[in-house]
Amino acid sequence: MSDAAPSTAILVPQARRSGMIDLWRAIACLAVVLYHGSETPNLPTDSPLVTVMSSLGHHGWLGVPMFFVISGFCLAQAVQIRAAQTCGVIAFWKDRLLRIYPVYWAALLLALLLALIATPFNGLPPSSAFPSSTSALLSNLTLVTNWTGHQPQLMVSWSLDYEIGFYVLVGAALFAPLRRTSHRLWLYMAITTLAHMDSPVAWFPLLGSWPAFACGLAVHSALQTKLSSPVRFLALLYPLALAALALLTEVSLSAAFAPAFALCLLASLAWEPRLPPPPRALCAIGLASYSIYLVHIPFMSPMLNLFHRLLAPDSAAYTWVWIGHLIVGVTSGLLFYHLIERRCETLRTRLSSHSSSPYSVATA
């Protein structure tokens with residue numbers, strides 16, 4: 001995940017991981033964990049701490065568009081490095097799928113086992129822990145539940161459906177005619193244009209989430225010192241225009257948030273060499289954010305369900321259990337990262353013949 005990359009002329013470091021990327025990943029990941037914890041019914045209302053945390057948590061879903069923006073930046077960086085290495089599109093797609101699927105399959109298996117263990121306590125048959133049909137199982141295994149209408153067994157996996165689609169679209173830039181930087185930019189601009197048109201989005205729903213991803217692509221282009229100043233300015237103009245348009249037209253918060261966050265990401269990466277390093281604890285969470293994102297709900301929900309039966313929801317003990325279940329969600333993800341994801345990454349490195357970006361490009 002931290003392979004050294006060939007030197008390129010951009011303002012962010014290339015020989016090491018970016019602490020700022022990991023910091024933003026940690027913030028996005030913790031926001032999602034808090035969001036799912038705050039969705040718990042019967043939260044104690046007499047605890048000021050829980051009241052404040054749950055109020056913040058109701059906006060934690062914004063961590064997902066943050067992940068999409070970060071993923072856009074990291075994928076653009078990965079494609080740039082692969083193009084310089086004359087890596088083909090098939091090799092790129094293979095590497096990306098090896099990044100997503102093995103870790104996801106392990107998390108899915110773990111979630112199914114935990115659900116199976118919980119069935120006797122919930123008065124449910126063991127079969128309720130598993131997909132209801134073969135097609136539902138295949139949809140979950142292949143991360144296409146958004147497109148087939150099946151229920152995802154791992155609640156957060158819907159965003160990975162989009163991530164896989166982003167890999168396919170961005171990886172197309174590695175086809176031989178598109179290897180030049182200018183050609184890649186034209187491809188990104190063409191897809192982005194389609195994403196802002198109603199008919200293409202209706203036919204290809206993946207494009208509905210593309211603008212947040214494209215903001216990350218724009219951040220990467222704006223930091224490219226080899227690009228001309230007008231091109232870098234146009235890249236910067238995209239998230240600026242999106243944020244301004246969203247605020248002026250009063251559309252959804254997500255539409256305004258993604259480009260606004262992209263500008264924050266741009267500023268933080270440009271100034272990273274002059275800023276103090278982020279806290280190590282947050283960087284560790286950012287590094288393990290994919291694992292935490294995948295497994296926090298399967299561990300948090302059973303714990304809270306159990307104590308909800310044993311404790312009164314308005315008791316002080318339940319308040320601390322609620323806070324503790326958030327810690328359990330993060331801790332379980334950290335353990336899953338060290339026990340599973342790191343081993344999957346070792347396998348991916350052995351099977352990939354090209355070095356990648358120092359930034360991990362999974363959205364989580």
Side-chain angles (χ1 to χ4, degrees), residues 8-12 18 20-21 24-25 28 62-80 83 159 162-163 165-174 178 180-201 204-272 357 359 361 363:
T8 52
I10 70 173
L11 299 179
V12 289
S18 166
M20 197 59 63
I21 289 288
W24 285 120
R25 276 209 183 97
L62 291 171
V64 174
M66 287 178 68
F67 275 128
F68 282 163
V69 173
I70 294 169
S71 182
F73 171 84
C74 294
L75 273 181
Q77 175 68 9
V79 167
Q80 175 179 288
S159 64
Y162 287 91
E163 190 73 11
F166 296 155
Y167 291 168
V168 172
L169 293 175
V170 175
L174 289 171
L178 298 172
R180 294 180 58 181
T181 300
S182 59
H183 294 169
R184 291 200 303 274
L185 294 179
W186 278 112
L187 173 66
Y188 299 156
M189 289 174 61
I191 298 173
T192 303
T193 300
L194 292 175
H196 289 280
M197 301 170 63
D198 293 337
S199 295
V201 173
F204 196 34
L206 166 67
L207 293 176
S209 293
W210 176 269
F213 186 83
C215 285
L217 299 176
V219 169
H220 182 265
S221 297
L223 291 171
Q224 298 291 313
T225 57
K226 279 192 172 182
L227 294 178
S228 65
S229 295
V231 171
R232 295 171 64 194
F233 174 75
L234 287 175
L236 173 62
L237 191 61
Y238 177 69
L240 275 172
L242 275 189
L245 182 63
L247 291 174
L248 290 174
T249 57
E250 298 182 353
V251 295
S252 67
L253 177 60
S254 178
F257 179 81
F261 167 67
L263 296 174
C264 293
L265 177 65
L266 173 64
S268 64
L269 289 174
W271 286 88
E272 183 173 7
S357 166
Y359 312 111
V361 301
T363 178

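Sequence positions, counted from 1, serve as the residue numbers for this chain.
Annotation for L194 and V201: closest pair O-CG2, 4.0 Å, computed over non-hydrogen atoms. Of all non-hydrogen atoms in F257 and P65, the two that sit nearest each other are CD2-CG, 4.2 Å. The two residues A214 and T192 come nearest to each other via the heavy atoms CB-OG1, 3.6 Å. A222 and A235 make their closest contact through N-CB, 3.8 Å (heavy atoms, listed as atom of the first residue, atom of the second, distance). Residues A83 and L174 approach most closely at N-CD2, 3.6 Å, considering heavy atoms. Across every non-hydrogen atom of H220 and Q77, the tightest pair is NE2-OE1, 2.8 Å.
How far CD1 of I191 is from CG of L187: 4.0 Å, rounded to the nearest 0.5 Å. With rounding to the nearest 0.5 angstrom, the CD1 atom of I70 is 6.0 Å from the CD1 atom of I21. Separation of atoms SG (C74) and CG (L217) is listed at 10.5 Å; rounding is to 0.5 Å. Remark: F213 CZ to L207 CG distance equals 12.0 Å, nearest 0.5 Å. Rounding to the nearest 0.5 angstrom, the gap separating the CG atom in L266 from the CZ atom in F261 is 11.0 Å. In this structure, CZ on F73 lies 6.0 Å from CG on L223, to the nearest 0.5 angstrom.
Residues V79 and Y188 form a side-chain contact, since some pair of their non-hydrogen atoms from C-beta on lies under 4.5 Å apart. When side chains are defined from C-beta on, L206 does not count as touching V168, because their heavy atoms never get closer than 4.5 Å. Residues H196 and W210 have side chains not in contact (no heavy-atom distance under 4.5 Å, counting atoms from C-beta outward).
In this structure A260 satisfies the side-chain contact (heavy atoms from CB on, under 4.5 Å) test with no other residue, sequence neighbours excluded.
In terms of modelled atom types and a separation under 3.5 Å, the side chain of R232 and the main chain of Q224 share a donor-acceptor contact. Although no hydrogens or angles enter the test, the distance criterion places a donor-acceptor pair under 3.5 Å between the side chain of S268 and the main chain of C264.
Just one of P211, P259, S221 meets the side chain to side chain contact (heavy atoms under 4.5 Å, CB included) condition when paired with Y238; it is P211.
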*Give the intermediate values and the outcome of side-chain contact (heavy atoms from CB on, under 4.5 Å) for residues L169 and F204.*
CA-CA 12 Å; L169 293 175; F204 196 34; 4.3 Å; yes
